[in-house]
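A quick write-up on the structure given underneath.
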Protein chains: 2
Amino acid sequence: MSRPPRETTAPADPKPGRRASQRPTIRDVSRLAGVSRMTVSRVLSDPELVLPTTRDKVLKAVADLGYVPDKTAGSLSSRRTGFIALMLPTLTNANFAAVAHGLTEALREANYHLLIAYTDYDMAEEERQLLNLLARRPEAIVLTGAMHRRNASRMLMAADVPVVEIADLPSQPIEHAIGFSNYQVGRTAARYLLDRGFTRIGALAASPDGEVTDHRGEERMRGFEDELRFARLPTDAVLRHGSAPVSFHHGATAFRTLVEAQPDIEAIFAVSDLSAVGAVMEAQRMNIRIPDDISIMGFGDFEIGREINPALTTIHVDFRALGLRTGKMLVDMLASDANPAPSIVDVGLRIVERASIKDR
Amino acid sequence: MSRPPRETTAPADPKPGRRASQRPTIRDVSRLAGVSRMTVSRVLSDPELVLPTTRDKVLKAVADLGYVPDKTAGSLSSRRTGFIALMLPTLTNANFAAVAHGLTEALREANYHLLIAYTDYDMAEEERQLLNLLARRPEAIVLTGAMHRRNASRMLMAADVPVVEIADLPSQPIEHAIGFSNYQVGRTAARYLLDRGFTRIGALAASPDGEVTDHRGEERMRGFEDELRFARLPTDAVLRHGSAPVSFHHGATAFRTLVEAQPDIEAIFAVSDLSAVGAVMEAQRMNIRIPDDISIMGFGDFEIGREINPALTTIHVDFRALGLRTGKMLVDMLASDANPAPSIVDVGLRIVERASIKDR
DNA sequence: TCCTTTGATGGGACCGATATCATTTGTCAC
DNA sequence: GTGACAAATGATATCGGTCCCATCAAAGGA
């Protein structure tokens with residue numbers, strides 16, 4: 001048996017005040033169930049604390065009213081928003097979308113919600129978006145791509161929540177980092193081609209000029225050129241063409257441009273599978289045989305690379321697992337309420353050998 | 001000259017209370033600037049209301065403290081969260097990602113933030129996610145794909161915010177709808193193939209069984225089969241294979257299965273360009289000439305379809321524009337604070353003729 | 001029997017903003 | 001000089017939850 005509610009009842013006809021919406025609040029539920037607001041709150045957040053009889057009364061009231069708790073209010077009070085912020089260059093890239101999916105999956109069970117922002121590879125937008133995210137008081141922040149604006153870094157340091165940079169390994173991480181070195185991707189690709197005895201080696205990438213920049217792609221190109229230089233090979237067949245983000249079409253036009261300029265080219269590394277696939281398609285149209293005439297290698301292991309003819313040799317990174325792992329780490333971190341020492345995790349790369357590289 | 005602040009000053013050493021985070025609040029800014037909290041609030045939300053001298057003092061205090069306003073608190077007070085909810089089947093589909101991008105772009109200037117949830121084509125997840133979204137009190141809800149659970153519909157009706165269903169035209173829309181008829185897509189595709197004189201016509205789609213279902217794809221298939229039936233053609237070459245969501249690989253295996261079962265097939269409509277492209281790739285491997293031996297048509301006009309050989313004939317819908325348009329409508333609607341009569345907008349379709357259909 | 005402990009629940013303060021209305025100051029016309 | 005009005009700013013209540021502690025009943029131990 002429950003005692004009668006002792007909490008003061010609101011006046012029957014409250015002055016209008018700010019109350020516009022008719023949505024039921026926890027107070028409406030508590031009145032209908034004949035319990036205090038706290039009891040309702042407990043039923044919804046930690047039912048074990050409440051007697052089954054009471055619990056059922058409350059749940060019935062919740063159902064009858066169609067009550068949906070207001071997390072905005074709850075967040076303010078508990079100082080936990082349940083948001084994890086994620087900043088991406090774009091969603092229209094299967095690998096970044098996979099990161100989001102992996103993260104979501106890890107966060108789902110702990111009832112966090114991903115708050116996504118993206119920059120369209122625009123550095124200025126990055127800072128604006130970061131402010132937007134911070135204003136929502138996320139409990140952690142996940143970033144893709146290096147933040148370069150000094151302001152942004154400062155805001156992050158001050159944010160007082162875990163910051164994880166993923167899909168790259170910055171030389172000066174803000175805090176945690178889980179990913180791989182895009183520079184190493186470039187070097188690995190070049191090494192792979194060098195080991196196969198190619199000497200006329202080129203690459204397809206976007207131009208790094210302008211505000212819109214793919215920093216991670218640039219790193220890959222830097223590594224690629226470095227490795228060529230170490231091997232005392234020229235880098236004059238490393239083509240910067242168009243602007244980020246790259247696309248199938250980018251690959252196609254860049255390939256044609258490169259081949260026309262350097263007809264003796266033997267092997268090409270594309271900054272992304274998107275470009276690489278576009279290049280293969282353009283090669284088909286130009287009656288250039290892949291890999292007999294030119295070998296092509298990509299990065300990212302997009303699904304389409306597996307399906308084209310010839311299948312694309314590429315460098316694989318498991319972006320979904322990257323998101324998953326990041327999410328798990330954050331859930332643990334937030335549950336233990338301890339902010340451990342900054343960790344740097346290299347998830348590594350894997351060359352996926354398919355048919356687009358000539359065996360020689 | 002400003003008068004001295006009259007607002008009661010908090011005790012110098014406040015009792016610890018709940019204050020854990022060290023983040024500055026509007027109160028810290030107001031103290032540093034020597035104005036009231038309201039004045040700070042005004043400077044940040046409607047600077048015109050404040051004298052330039054005062055404004056500068058406040059902005060300096062904001063900068064000095066690194067103050068970032070807490071939108072959670074602001075939302076609770078103003079009863080406007082600035083969130084627009086978007087529910088998608090998945091982010092790993094270029095067209096859905098494009099919807100998100102279009103929406104974001106439209107919402108950016110009005111300073112709304114997209115709150116994304118996705119279901120992975122899982123009906124049960126849909127309802128869970130909807131609750132999560134509603135708990136954040138979005139000012140509008142955008143849905144992709146029909147909601148079928150009765151509960152979900154009920155929750156939406158009760159939500160008291162504009163609801164827009166996009167990328168489909170439901171027979172019984174919850175409120176607003178902007179999109180196209182997936183059923184018409186199917187009929188249009190079949191009509192197109194019929195008009196070209198094909199009589200052995202097949203299709204590639206996912207199996208509709210199980211919890212994980214692509215409702216919109218199913219609608220396309222329904223329209224396709226109906227049109228075949230109206231033409232008194234058999235629908236036995238409409239293949240349901242694998243489960244949603246479809247992929248390049250799905251298209252490849254489904255194509256092989258279909259062709260082996262129905263060697264005399266002349267033309268194939270795939271529920272998505274993803275399947276269609278996969279089919280074209282498999283055809284290359286099987287030495288089946290497209291379109292000479294078999295014509296293939298897709299849906300969605302994904303970029304890859306433009307680049308493959310032969311380029312893919314498909315049905316185009318501008319998903320980015322769809323998102324953009326939806327966003328603009330919502331911004332207007334929310335600005336005028338009037339909830340206009342439910343509107344149904346058909347943005348139509350466009351057949352994009354490329355080389356994958358035989359000219360006969 | 002009385003005291004302590006535990007479990008269930010309630011009361012009230014509080015989270016950090018903004019809505020609303022009040023107050024103060026300045027301007028201008030008469 | 002004075003009153004009317006507008007502009008600038010402040011004081012306070014409030015949004016809808018949860019935290020913290022108080023209260024009360026029941027159970028158990030001495």
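Per chain, numbering begins at 1; letters A, B, ... match sequence-line order. Note that the structure is a prediction, hence the values are computed from the model and not measured.
For A:Ser77, no side-chain nitrogen or oxygen approaches OP1 or OP2 of D:dT18 to under 4.0 Å. The shortest distance between the side-chain N/O atoms of A:Arg79 and the OP1/OP2 oxygens of C:dG16 is below 4.0 Å. Contact annotation: B:Tyr67 does not reach the phosphate of C:dG16 (side-chain N/O to OP1 or OP2, under 4.0 Å). Taking 4.0 angstrom as the limit, B:Thr39 places a side-chain polar atom (N or O) nearer than this to OP1 or OP2 of D:dG10. Phosphate contact (OP1/OP2 of D:dG10, side-chain N/O of B:Ser36, threshold under 4.0 Å): present. Between B:Ser78 and the phosphate of C:dA17, there is no side-chain N or O to OP1/OP2 separation shorter than 4.0 Å.
Using a cutoff of 4.0 Å between basic side-chain nitrogens and carboxylate oxygens, A:Glu125 and A:Arg128 are scored as salt-bridged. In this structure, A:Lys60 does not pair ionically with A:Asp56, as no charged nitrogen and carboxylate oxygen lie closer than 4.0 Å.
In this structure, B:Arg80 places its CZ atom 18 Å from P of C:dA17, rounding to the nearest Å. The distance between atom CZ of A:Arg37 and atom P of D:dT14, rounded to the nearest whole Å, is 13 Å. Atoms CE (B:Met38) and C1' (C:dC21) sit 11 Å apart, rounded to a whole Å. Atoms CZ (B:Arg27) and C1' (D:dG10) sit 13 Å apart, rounded to a whole Å. B:Lys71 has its NZ atom 12 Å from the P atom of C:dA17, to the nearest Å. Per the geometry, CG belonging to A:Asp28 stands 12 Å off P belonging to D:dC15, to the nearest Å. When the P atom of D:dT18 is taken as reference, atom CZ of A:Arg137 falls 20 Å away, rounded to whole Å. Between B:Leu76 atom CG and D:dC15 atom C1' there is a gap of 4 Å when expressed in whole angstrom units.
Checking side-chain atoms of A:Asp46 against main-chain N and O of A:Leu49 turns up no donor-acceptor pair under 3.5 Å.
Of the candidates D:dG17, C:dT18, C:dG11, C:dT18 carries the atom nearest the B:Ser41 side chain, counting heavy atoms from C-beta on. The side chain of A:Thr25 lies closest to D:dG16, out of C:dT18, D:dG16, C:dT9.
Atom CG in B:Leu32 sits 14.5 Å away from atom CZ in B:Arg27 (nearest 0.5 Å). Distance check: B:Thr104 OG1 to B:Leu86 CG gives 8.0 Å after rounding to the nearest 0.5 Å.
At a non-hydrogen distance threshold of 4.0 Å, B:Val50, B:Leu51 from residues 43-51 of chain B come into contact with DNA chain D.
Toward the 5' end of DNA chain D, the nearer of the two residues A:Ile26 and A:Arg42, judged by each one's closest nucleotide, is A:Ile26.
In B:Arg325, the CZ atom is not crowded: 12 or fewer heavy atoms of neighbouring residues, nucleotides or ligands sit closer than 6.0 Å.
Counting only heavy atoms from C-beta outward, the side chains of B:Val164 and B:Ile178 approach each other to under 4.5 Å.
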